[in-house]
Amino acid sequence: MPLEKPRWIHFTGIGDPDVGYISVAQSFSHVPFEIKRVYWVYDTPVDVERGNHAHKSCLQVLIALIGKIEVELENELGETFTFILDTPDSGVFVPTYHWRKIHFSEGAVLLSIASESYLEEDYIREYAEFKKT
Ligand code: T46
C-alpha cells in the first residue's frame, strides 16, 4: 500500500460575516475516519515544543481553533511536511507513523479529532525507535 501523505482538510464555513460561522466534522464525510475521540490543547507557552511522537494506529485531524500553530511532520521515508494552521475552517490530516513537532503562538488552541481512544501503547515516543520502523 502506498504511503499515505498528510494533507489539508478544508471545512465549509456555514454562515456569513453578520452572524458568524459553523464548521462541521462528521465521520467519513468531512473527516476520513470514524471519530472516536476529540481533545484540545491550550495555554501552551510559545517556547514549548509539543508532540515529539508518532502513532501506530491513530489517525488525526488537527485544527487551530484560535491562533497560529505550526505542525512539522516527518514520515518513515524521512520526508518532511510543514503546515501552518491559522484558521478554524481548515485542518491537517495526519496519517499513522508521522513524527510530529508542534509549536503554538500565544493563546492558540489546538483541536484534535482522532480515530482511536487514548492508548499509550499506540505512541512511539523515542525518535530512534521511530527511525527504525
Ligand atoms: C497528538 C498531539 C497533537 C491522556 O490521558 N489522554 C489523551 O487523550 C491525551 C491526548 C493525552 N493524555 C495524557 C498523556 C500525557 O500524560 O496527557 C498527557 C500529555 O500528552 P502528550 O504528551 O502526548 O501531549 P502532546 O500535546 O505532545 O500530544 C497530544 C496527543 O497526545 C497526540 O496524540 O498528536 O497532542
Side-chain angles (χ1 to χ4, degrees):
M1 189 175 141
L3 191 66
E4 200 165 11
K5 299 272 175 96
R7 61 178 185 274
W8 284 106
I9 302 259
H10 297 291
F11 299 94
T12 305
I14 306 166
D16 61 57
D18 293 336
V19 295
Y21 296 91
I22 290 176
S23 290
V24 181
Q26 287 188 178
S27 303
F28 300 119
S29 48
H30 315 91
V31 167
F33 51 76
E34 183 177 353
I35 299 167
K36 287 224 183 114
R37 180 171 51 122
V38 173
Y39 59 88
W40 45 102
V41 186
Y42 50 93
D43 286 351
T44 294
V46 296
D47 55 349
V48 167
E49 182 171 271
R50 298 194 70 114
N52 282 308
H53 60 256
H55 283 282
K56 299 172 193 169
S57 300
C58 190
L59 305 168
Q60 286 159 285
V61 174
L62 305 178
I63 301 162
L65 291 184
I66 299 173
K68 186 163 89 169
I69 296 171
E70 186 179 303
V71 179
E72 292 175 56
L73 300 169
E74 180 183 346
N75 68 16
E76 296 160 272
L77 301 178
E79 294 174 300
T80 56
F81 309 85
T82 300
F83 291 83
I84 307 292
L85 310 179
D86 61 2
T87 171
D89 63 8
S90 297
V92 57
F93 169 67
V94 184
T96 57
Y97 289 95
H98 278 69
W99 190 263
R100 78 277 322 264
K101 295 179 179 181
I102 304 168
H103 294 97
F104 287 63
S105 68
E106 183 75 38
V109 178
L110 177 70
L111 179 72
S112 174
I113 300 169
S115 69
E116 305 298 330
S117 301
Y118 174 71
L119 184 64
E120 187 55 37
E121 291 69 35
D122 190 58
Y123 286 72
I124 303 170
R125 291 196 185 269
E126 292 297 328
Y127 187 68
E129 185 190 337
F130 170 72
K131 293 302 279 181
K132 275 194 244 157
T133 58

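In what follows, every heavy atom counts, from backbone to side chain, and hydrogens, waters and symmetry copies are set aside. Counting convention: from 1, in listed order, for ligands and their atoms alike. Numbers here simply count residues along the sequence, with the first being 1.
Numbered from 1 in the order shown, with element, the atoms of ligand 1 that lie under 4.0 Å from a heavy atom of Arg37 read 7 (C), 8 (O), 9 (C), 10 (C). Per-residue contacts place Leu110 under 4.0 angstrom from the following atoms of ligand 1 (heavy atoms of the residue considered): 3 (C). Atoms of ligand 1 found under 4.0 Å from any heavy atom of Arg100 (numbered from 1 in listed order, with element): 1 (C), 34 (O). Near Arg50, meaning under 4.0 Å from any of its heavy atoms, are these atoms of ligand 1: 24 (O), 25 (P), 26 (O), 27 (O).
Here's the thing with Gly51: one of its N/O atoms is less than 3.5 angstrom from an N/O atom of ligand 1. Note: no N/O pair closer than 3.5 Å links Glu120 and ligand 1 by distance alone.
Protein non-hydrogen atoms do reach within 4.0 Å of atom 5 (O) of ligand 1.
Atom CD of Glu79 has more than 12 heavy atoms from other residues, nucleotides or ligands within 6.0 Å.
At a cut-off of 3.5 Å, with distance as the only test, a side-chain donor of Glu120 or Tyr118 sits close to an acceptor on the other residue.
Aromatic ring centres of His55 and Tyr97: separated by at least 6.0 Å.
The closest approach between a heavy atom of His55 and any atom of ligand 1 is below 4.0 Å.
Counting protein heavy atoms only, atom 23 (O) of ligand 1 is closest to Arg125 NH2, 2.9 Å. Here the heavy atom of the protein found nearest to atom 16 (O) of ligand 1 is Tyr118 OH, 4.8 Å.
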| field | Chi angles and distances behind the side-chain hydrogen bond (donor to acceptor under 3.5 Å, both in side chains) call for Tyr123, Glu121 | value | CA-CA 5 Å; Tyr123 286 72; Glu121 291 69 35; over 6 Å; no
